[in-house]
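Scroll down for the structure; my scribbles are underneath it.
First the proteins, then the strands, lettered A, B, ... as listed; each starts at 1. The analysis underlying the following values was restricted to heavy atoms, covering all of them including side chains, and did not include hydrogens, waters or symmetry mates.
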Amino acid sequence: MQGRIINITRFCTDDGPGIRTTVFLKGCPLRCLWCHNPESQNTAEECYLNGEKIGKTVAVQQVLDEIMRDKVFYETSGGGVTVSGGEPLFQPQFAAEILRRCQENGIHTAMETSGFATPNVFKDVIRYCDLVLFDIKETDEEKHLEYTGAPLSAILQNLESLNEMKTPFVIRLPIIPKFNDREEHFLKVKAMAEKLPFCRGIEIMAYHKLGEYKYQQLGREYLCQHVDEPTKEQIKEWEHFLKN
Amino acid sequence: MEFFAVNGSRNIRLCEATRKFAFDSLGHKYGLDTRATPAVTLDDIDGFAALSPLAQYDAAIERIVRKAPLRLCEGERISGAATLGLAISHRVPATFQGKAICSSISHLTIDFETVLKKGVDHLRLQAESALAEHRGTQREPFARSVLHCLDCMALWRERYLEALQGRPEFAENYRALQRVPFAPAASFYEAVQSLWFTFAFVRLCGNWPGIGRIDELLGEYLKKDLAAGRLTLSEAREILAHFFIKGCEWVSGGDYGSGDAQHYQNIVLGGVDEQGQEVTNEVTFLVLDILEELGISDFPTTVRLNRRTDERLLRRVAEVTSLGGGVLAVYNEELIIESLVDYGYTLSEARKFANDGCWEIQIPGKTCFSYMPFDSLQILQHLLEQNVVFSDFESLYKGYVAQLRQRVEQLIAERNAKNFEEDMSYREHTPCTVVSLFEQGCIEKGCSYLEGGPVYNVLSPHIGGLPDVANSLYAIKKLVFEEKKVSFTQLTKILKNDWAEQESLRRYALEKFTYFGNDNDEVDDIAAAIVSDFADICDGLESGYATPAGISTFGRQLEWSKLRLATAYGRKAGEVLSGNFSPTPATDKEGATAIIRSYCKADLRRIVSGAALDIKLLPSAAKGEQGIAAVMALMRGFVTLGGHFMQLDIADTNLLRAAQGHPEDYPTLSVRISGWNARFVTLNREWQDMIIAQTGSEI
């Protein structure tokens, strides 16, 4: 089986516990206005304006070979593999096969996802995950559609089924000033987390502009130019609010 | 008063006075006085020029102990100081008609164990019976010199006692020095004073000894004092901190070498003892507390790890590492012990290993060590210049190994020839009785450290530039033999012309292939093959010395860069390339785990002298709980995969550039260089630039 990836990054320490290898899949059904990986949105292979190719088609076995290289470090750190993107659920069979094969080899598996997929597709992939990093971009129906181009309801349904499947998960909250830095949104997320016992915590992913240059290289317009990066104090305040 | 940390902040456990002593010492309050007193003079000694070199040396040592200034720092808990500046330049600091009388000794860890446990008086007894035995033989002058130098050490001690007497603030120092180092140490405090005074004496006379396994040396004393209620842990920490602070006494050596002042005074922690029992004790943790709090880089410290290393110890090592400064490094002791046993040492002897004051492996107090560094990349470049055309990769590789063999054999032959013709003269002109006092074998045999006195005599060929050779051979394999982008002859011409008008091919070579340090088996296997072939060559050498293989550059890539041509993997002539057995700067793209994997593919058991891996992590990767866990995991993985020696530093080019621009703001920022580390701002510009080039930057 083959799939399309952006790249595979080793020695990641921010995508789940321990030392991890993160596989970035190409293609995403969402179009978040603030997306910092715009090159991962289209499933098709493409090029930056300078001609540099983005994305490659690879076999599951090739991905596995690369992942297996750091097995010693997963063992010494309690780490493993994280499938990210793009949106891994957009290539569900490929993602599931990577995760399944990793589990078979005794490697801890995590997936970073927006949760946007049909319930069956979602479950078919989740069954091979030891941990899910679940992004919630917005808790207001209309705003979610406006910011991401996708409806919220399917996502929330999947979040609940994650809990039913007894898969531990962490809610990741991208916070974009003026878009979703509202108390009412935070309160809703907190309430959700509290009623789902398999939720292991909430992590803040504060907005940053590091992806802006990629829009230029892709010849695309960056729609969040006017948004300022939050200050350290602001991030601390959010963290404080979500913890208490 | 803040001690610099790259990440987080440093825990405070020491009292304010000790912290101030540390801060002042790191800020060069003490030590600059050595510039005013570089050496004692021997000009007034009648007939000095006609004396034998050994008699000149004896006169010099006596003059040094009688005339060297004494230094008592405010509030110091232990006393003794090496106050003559020429010692910092590796000379016996005594001059005749303006010239230092001879060079001094480094690259050894002396036998402090005997000093602490039996006292210098025990050495005197040994020396007296040796003199009786050697009287009337050609060994007699040395045997007399031994007794003379022991007398000199006693004279120096007398001067300190006089200076300390009647000063209530130094009452404790006075009491201890009345006994040690001549009597066996009876307490932890006396042991620390004995260790320091002996170390300072050896350095006063110009030499640069390492310390060795400080926790093994001091652990029992602390245990007894704690059990008897004579001492608390925090009091012990204060005392030991003064040892580390006193160790900053030599400040920048100016233009000498890299410009820093750390002179091979490395310390080893942890690991198993002679019987295979874990050494780690409270002293181990006190040392880590001190390094954590003060970030003193002048005793670079290496921790012996094994697969059973206690979680608590590893965590402390990772915590201190994550603060930055590169003070800590790690040995994989299982591989090292195996490697020493394979080489012929007994198991109990192998388990005692420490280093030469840098990171090269030796049995402390028993080894005369020196090494012969050479640039293996220049060997390849000479081969390519010879207009020999290789038609396939295998014959090129074989041709290279033949040249490598020739070069190593030639090095050892030159050394052997020197031994027979010039060596006696060299040895006579380099008397070294002071270090010989503390090297097992010398006193009994009546032979100095350089004359074969120690139990083991080691001359280790050290290959440098090995990753650059692997990368070059791999690039040739790809460009010439596989992809046929260019013919062998064309490529050698292009390299001779430093890639002139070949920019696109150069970029292709540089960017298209994945070089050593990225876990690419194809190139890593070439590096591994060179390692094994080099070890074979070393094992087959004929010499009166043991000639174990080693892999190092110790910063020599800087001077070598001026002699090197362009490389086939796209680097231009004159670039500063790989250090030790680490990836060439800017070719490692897959991160720390891939670097460790590439390095560990070589059979490092064969590299008995050692193979250093330098890794620089960005501050963010080592930050916080996640970062500490990652550092621990890298160290455990390094042991599991069969590494030898690893120095993990935490740095970022932006920070280093800021320190270069505003040294006054970063007086205590230290960086790992190779087997040692230095306060960054004391380094010469060239060395600073090299370190910056080896370091990555946060986006």
Side-chain angles (χ1 to χ4, degrees), chain A residues 7-24 36-37 50-53 56 62-82 107-108 110 131 133 170 200-201 203-204 206 208-214 217 229 232 235-236 239, chain B residues 7 305 307-309 311 314-315 318 322 330 332 507 511-512 514 517-521 524 588-601 615-643 648 650 696 698-699:
Chain A
N7 60 35
I8 300 175
T9 306
R10 294 165 68 172
F11 191 51
C12 295
T13 52
D14 290 324
D15 299 325
I19 291 176
R20 310 192 75 83
T21 295
T22 303
V23 185
F24 292 93
H36 66 264
N37 284 330
N50 68 6
E52 189 192 329
K53 248 180 84 176
K56 52 191 165 187
Q62 283 172 274
V63 178
L64 251 290
D65 288 346
E66 191 64 18
I67 292 168
M68 291 302 286
R69 287 183 170 270
D70 272 348
K71 187 148 194 275
V72 163
F73 296 99
Y74 311 146
E75 284 161 7
T76 58
S77 69
V81 69
T82 299
I107 294 173
H108 178 273
L131 175 74
L133 309 171
V170 172
R200 296 285 181 261
E203 277 176 19
I204 287 176
H208 60 78
K209 284 180 177 292
L210 297 177
E212 186 174 353
Y213 76 99
K214 294 183 191 171
Q217 290 182 354
E229 287 185 0
K232 275 184 191 155
I235 296 169
K236 273 203 184 124
E239 277 168 357
Chain B
N7 273 327
L305 300 181
R307 268 173 287 187
R308 296 169 311 283
T309 296
E311 189 78 2
L314 191 66
R315 166 161 284 276
S322 80
V330 295
N332 173 15
R507 293 224 74 90
E511 289 159 12
K512 177 73 198 302
T514 305
N518 295 290
D519 198 5
N520 171 13
D521 294 342
D524 297 345
D588 53 317
K589 293 168 179 166
E590 294 288 325
T593 56
I595 296 176
I596 293 174
R597 292 228 344 142
S598 282
Y599 159 92
C600 287
K601 282 175 203 169
I615 294 185
K616 292 222 166 41
L617 290 183
L618 291 174
S620 58
K623 201 173 182 169
E625 185 48 40
Q626 269 176 336
I628 289 163
V631 170
M632 288 171 75
L634 288 177
M635 288 175 175
R636 285 238 192 258
F638 177 81
V639 169
T640 310
L641 290 170
L648 261 183
I650 315 294
E698 306 275 5
I699 303 164

Can you check whether anything in residues 622-632 of chain B gets within less than 4.5 Å of chain A, heavy-atom wise, and list it by number? Q626(B), A630(B)
L634(B), part contacting chain A, at a heavy-atom distance under 4.5 Å: both
Y599(B): what forms a ring pair (Phe, Tyr, Trp, His ring centres under 6.0 Å) with it, not counting sequence neighbours? F581(B), F638(B)
Suppose we screen for ring pair (Phe, Tyr, Trp, His ring centres under 6.0 Å). Which residues come up paired with H108(A), at least two apart in sequence or across chains? none
Just to verify, what does E52(A) make a side chain to side chain donor-acceptor pair (under 3.5 Å) with, not counting sequence neighbours? none
Using 0.5 Å steps for rounding, measure from the [atom1] atom of [X] to the [atom2] atom of [Y].
X	Y	atom1	atom2	value
R69(A)	N518(B)	CZ	CG	10.5 Å
I595(B)	R10(A)	CD1	CZ	10.0 Å
R597(B)	D70(A)	CZ	CG	7.0 Å

Does the pair V639(B) and T76(A) meet the rule for a side chain to side chain contact (heavy atoms under 4.5 Å, CB included), with working shown? CA-CA 10 Å; V639(B) 169; T76(A) 58; over 6 Å; no
Within the structure provided, determine whether L617(B) and F11(A) are in side-chain contact (heavy-atom separation under 4.5 Å). yes
With side chains defined as the heavy atoms from C-beta onward, is the minimum distance between T640(B) and E75(A) less than 4.5 Å? no
Is the number of heavy atoms from other residues, nucleotides or ligands within 6.0 Å of NZ (K236(A)) greater than 12? no
